Amino acid sequence: MAEKVRVRFAPSPTGLLHLGGARTALFNWLYARHNKGTFILRIEDTDRTRSTEEYIDAITEGMKWLSLDWDEGPHRQTDRFSIYKSYADKLLKEGKAYYCYCSSEELEKRRQEALAQGKSPKYDGRCRNLAEPVSGRIPAIRFIMPQEGETVVDDLIKGKVIFDNAQLDDLIIIRSDGTPTYNFVVVVDDVDMEITHVIRGDDHLNNTPKQIHIYKALGYRIPAFAHLPMILGPDKTRLSKRHGATSVTAYKEMGYLPDAFVNYIVRLGWAHGDQEIFTRDELIEYFSLEDVGKSAAVFNPEKLLWLNSQYIIDSTAERLGDLVMPFLLKQGIIKEGQILDKEWFSRGIRTLKERSRTLVELADSLRYYISEEIEPDPKAKEKFLNERSLPYLIDVKEALKRLDNFIAPEIEKTFMSVVKKHRIKLGEVAQPVRVAMTGKTESAGIFEVIEIVGKEKTLKRLEKAIKIIE
RNA sequence: GGUCCCAUCGUCUAGAGGCCUAGGACGUAGCCCUCUCAAGGCUAAAACACGGGUUCGAAUCCCGUUGGGACCGCCA
């Protein structure tokens with residue numbers, strides 16, 4: 001390895017950071033970290049009408065949430081227009097580019113006609129050999145593509161891909177308004193930033209031969225390419241808004257842990273034997289482009305949910321406590337400034353870790369520990385808070401009232417005495433009590449719930465349930 | 001329409017010609033555990049798209065078919 005690896009993630013700020021972008025960023029980041037190289041963030045905002053500051057913030061925030069830290073940037077292409085201009089002038093002077101006076105309306109019309117006739121809608125090169133400027137028109141600048149021979153893209157993932165140059169057309173590198181276009185700036189920037197490996201989605205594979213010719217015209221060495229397969233929605237089409245949540249921010253808000261999310265998307269197109277769960281360090285150690293698959297992957301929310309639950313189980317109660325706080329606030333379970341006893345809070349979380357798949361679910365369960373009052377779910381109330389369970393509830397309440405050592409094992413003993421007295425199964429008393437305590441038919445172990453809720457609130461909740469029945 | 005890419009259980013994937021009676025994971029079903037729900041454990045159903053080659057031998061190599069996807073902008 002003679003040369004230091006330099007890679008970049010180059011999103012256009014025309015939307016939030018989506019799944020596919022996040023994975024492209026992740027693979028670039030992993031490649032850089034694995035090879036002790038440099039990871040650069042570059043904002044491709046040459047399309048000024050669609051790019052916004054808000055989206056730039058959203059993208060960097062998404063990356064921060066995933067802990068994908070960059071070493072250089074964010075560079076912004078709008079800050080670099082003079083660089084592109086000078087390269088374009090150079091090409092013009094060397095006869096490798098020319099002014100094109102066709103209007104976008106004319107171009108669009110010709111394109112539609114060609115398509116309608118089933119022909120390839122490529123530019124016919126009519127301005128290529130113009131002797132005189134067309135007066136009254138502001139020209140765009142086109143790059144001259146070779147029309148013969150073939151271009152080979154030697155891709156690290158797809159292998160050798162051969163393109164016929166005859167299908168390439170002279171592409172616009174500078175618009176008539178003077179702004180540069182994507183296929184041009186991407187090359188200039190990758191050259192200027194000394195990018196060694198271009199790792200991006202395979203929707204760019206067809207652009208690559210054009211870019212290779214620009215590299216050549218500029219007299220630069222061509223970087224290595226690695227085209228990542230797409231991530232598709234459940235209907236196997238490209239992931240888009242209609243597939244529901246596609247931005248990383250949405251997953252943050254749904255209560256996913258960033259490490260679980262990263263673990264999920266890294267396995268879309270990459271594998272390391274049979275291993276499913278990886279620490280960040282393992283990812284960096286194992287990651288290799290050779291292990292990236294060629295075929296597109298369908299996004300599967302169920303598996304992400306499972307991974308998230310595994311990450312929750314493996315997290316400490318203290319960390320989960322910090323993570324769940326914003327959700328408790330948002331779900332109205334605690335108020336701003338409300339202070340919870342740390343030890344008590346962690347105990348509660350420990351009982352809920354393995355039954356919460358997301359932080360939203362965890363917060364929701366925490367409600368029955370934290371809230372003063374419990375509103376029983378109507379169905380649960382109907383099924384368990386009735387005449388039949390009334391005597392059990394009364395006996396449990398009375399027994400607990402007499403209990404001083406209010407800890408789970410002692411609470412269990414009081415339940416067993418009620419069970420013995422009525423010759424019933426534990427479930428017959430546990431379920432009504434659960435509904436009284438949590439409002440639901442499922443929860444953490446009932447003795448632990450009672451211990452954590454505490455004697456005072458427990459008695460209140462039982463009394464309330466008894467009152468409901470009577 | 002043209003060009004390019006891709007093809008193993010429903011989904012993510014392991015698989016570099018014999019270790020494959022095709023492995024793991026999610027999901028699904030059943031059982032165990034059990035105060036509920038989970039978690040955990042065990043078990044089951046579930047795939048090499050199809051057709052030709054090459055080879056002693058093919059999920060693996062080649063060709064074709066079919067199917068899916070991406071791109072063909074003064075978007076990126």
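This structure is a prediction, so every number in the text was calculated from the model and none was measured.
Separation of the C1' atoms belonging to B:rG73 and B:rG68 is 25 Å when rounded to the nearest angstrom. With both ends at atom P, the span from B:rC4 to B:rU65 equals 13 Å, rounded to whole Å. Taking the P atom of each, B:rA25 and B:rG40 are spaced 12 Å apart, rounded to whole Å. When the C1' atom is compared between B:rC33 and B:rG17, the two are found 46 Å apart, to the nearest whole Å. The same atom, P, is picked in B:rU11 and in B:rC5; the two are 23 Å apart, to the nearest Å. One C1' atom belongs to B:rG10, the other to B:rA45, and the distance between them is 12 Å to the nearest Å. The gap from the P atom of B:rG18 to that of B:rA38 amounts to 44 Å, rounded to the nearest Å. B:rA29 sits 42 Å from B:rG1 when the P atoms are compared, rounded to a whole Å.
Nearest-nucleotide mapping onto RNA chain B: of A:Ser176 and A:Ile162, the residue sitting toward the 5' end is A:Ile162. Each of A:Glu302 and A:Leu268 was assigned the nucleotide of RNA chain B with the nearest heavy atom; the assignment lying further toward the 5' end belongs to A:Leu268.
With a cut-off of 3.5 Å on both pairing distances, B:rU55 has no Watson-Crick or G-U wobble partner at all. Pair assignment for B:rC35: none, as no Watson-Crick or G-U wobble contacts are both less than 3.5 Å. Across every strand in view, B:rA16 sits unpaired, with no contact that passes the Watson-Crick or G-U test at under 3.5 angstrom. Across the strands present, B:rA22 finds no partner; the criterion is a Watson-Crick or G-U wobble pair with both atom distances under 3.5 angstrom. As the counterpart of B:rG67, B:rC6 is assigned, both hydrogen-bonding distances of the Watson-Crick or G-U wobble pattern falling under 3.5 Å. Under the Watson-Crick and G-U wobble criteria, each requiring two contacts below 3.5 Å, nucleotide B:rU28 is paired to B:rA44.
The side chain of A:Asp274 has B:rA14 as its nearest neighbour among B:rA76, B:rA14, B:rC4. Here the nucleotide nearest the side chain of A:Asn206, chosen from B:rC71, B:rG24, B:rG1, is B:rC71. Residue A:Pro121 has its side chain nearest to B:rG1 when only B:rG1, B:rA76, B:rU3 are considered. Candidate nucleotides B:rA76, B:rA70, B:rC26 were compared by shortest atom distance to the side chain of A:Met230, and B:rA70 ranks first.
With respect to A:His227, the side-chain hydrogen bond (donor to acceptor under 3.5 Å, both in side chains) criterion is satisfied by exactly one of A:Asp203, A:Asp202, A:Asp155: A:Asp155. The salt bridge (Lys or Arg N to Asp or Glu O under 4.0 Å) test with A:Asp124 is passed by exactly one of A:Lys122, A:Arg128, A:Arg126: A:Arg126.
A donor-acceptor contact under 3.5 Å links the side chain of A:Asn207 to the base of B:rA76. Within 3.5 Å, no donor on the side chain of A:Gln275 pairs with an acceptor on the base of B:rG24, nor the reverse.
The six-membered or imidazole ring of A:Phe184 lies away from that of A:Phe143, with a centre-to-centre distance of 6.0 Å or more.
Going from atom CD1 of A:Ile172 over to atom P of B:rA76 covers 11 Å, rounded to whole Å. For the pair A:Asn300 CG and B:rC12 C1', the interatomic distance rounds to 7 Å; values are reported in whole Å. Rounded to whole angstrom, the span from the OH atom of A:Tyr182 across to the P atom of B:rC74 amounts to 15 Å. A straight line from OH of A:Tyr286 to P of B:rA14 spans 16 Å, rounded to a whole angstrom. The distance from atom CD of A:Glu290 to atom C1' of B:rG15 is 16 Å, rounded to the nearest whole Å. Summarising the geometry, the separation between OH on A:Tyr99 and P on B:rC74 is reported as 18 Å, rounded to the nearest angstrom. Between the C1' atom of B:rC5 and the CZ atom of A:Phe225 lies a distance of 16 Å, rounded to the nearest Å. Atom CZ of A:Phe299 and atom P of B:rU13 are 13 Å apart (whole Å).
Within the nucleic acid shown, A:His204 comes within 4.0 Å of at least one base atom, counting heavy atoms only. Heavy atoms of A:Cys100 sit nowhere under 4.0 angstrom from any nucleic acid atom. As judged by a 4.0 angstrom heavy-atom cut-off over every strand, A:Leu205 is placed among residues touching the sugar-phosphate backbone only.
The environment of CD1 in A:Ile138 is sparse: at most 12 heavy-atom neighbours from other residues, nucleotides or ligands sit within 6.0 Å. Residue A:Tyr311 places its OH atom among more than 12 non-hydrogen atoms of other residues, nucleotides or ligands, all under 6.0 Å distant. Summarising the local packing, CZ of A:Arg280 is surrounded by more than 12 heavy atoms from other residues, nucleotides or ligands at distances under 6.0 Å. Remark: A:Lys90 NZ is packed, more than 12 non-hydrogen atoms of other residues, nucleotides or ligands lying under 6.0 Å away.
The side chain of A:Lys236 places an N or O atom within less than 4.0 Å of a non-bridging phosphate oxygen (OP1 or OP2) of B:rU11. When the side-chain nitrogen and oxygen atoms of A:Lys122 are compared with OP1 and OP2 of B:rC72, none of them lie within a distance under 4.0 Å. Phosphate contact (OP1/OP2 of B:rG73, side-chain N/O of A:Ser104, threshold under 4.0 Å): absent. OP1 or OP2 of B:rC74 lies within a sub-4.0 Å distance of a side-chain N or O belonging to A:Arg111. The side chain of A:Arg238 contributes an N or O atom lying less than 4.0 Å from OP1 or OP2 of B:rC71.
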**OP:** Verify side chain to side chain donor-acceptor pair (under 3.5 Å) between A:Tyr98 and A:Asp170, making sure each step is shown before the conclusion.
**Re:** CA-CA 9 Å; A:Tyr98 59 91; A:Asp170 296 349; 2.7 Å; yes
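Between A:Phe299 and A:Tyr251, the ring planes lie perpendicular to each other; the angle is over 60°, past the 30° to 60° tilted range. Taking the six-membered ring for Trp and thresholds of 30 and 60 degrees, A:Tyr99 and A:Tyr101 have ring planes inclined between 30 and 60 degrees apart.
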**OP:** Sugar-phosphate atoms are those with a prime plus P, OP1 and OP2; base atoms are the rest. Using that split, label each nucleotide of nucleotides 29-43 of chain B B, S or - for protein heavy atoms under 4.0 Å, 5' to 3'.
**Re:** ------BBBBSS---
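Distance alone, capped at 3.5 Å, is enough to place a donor-acceptor pair between the A:Gln431 side chain and the A:Thr441 backbone.
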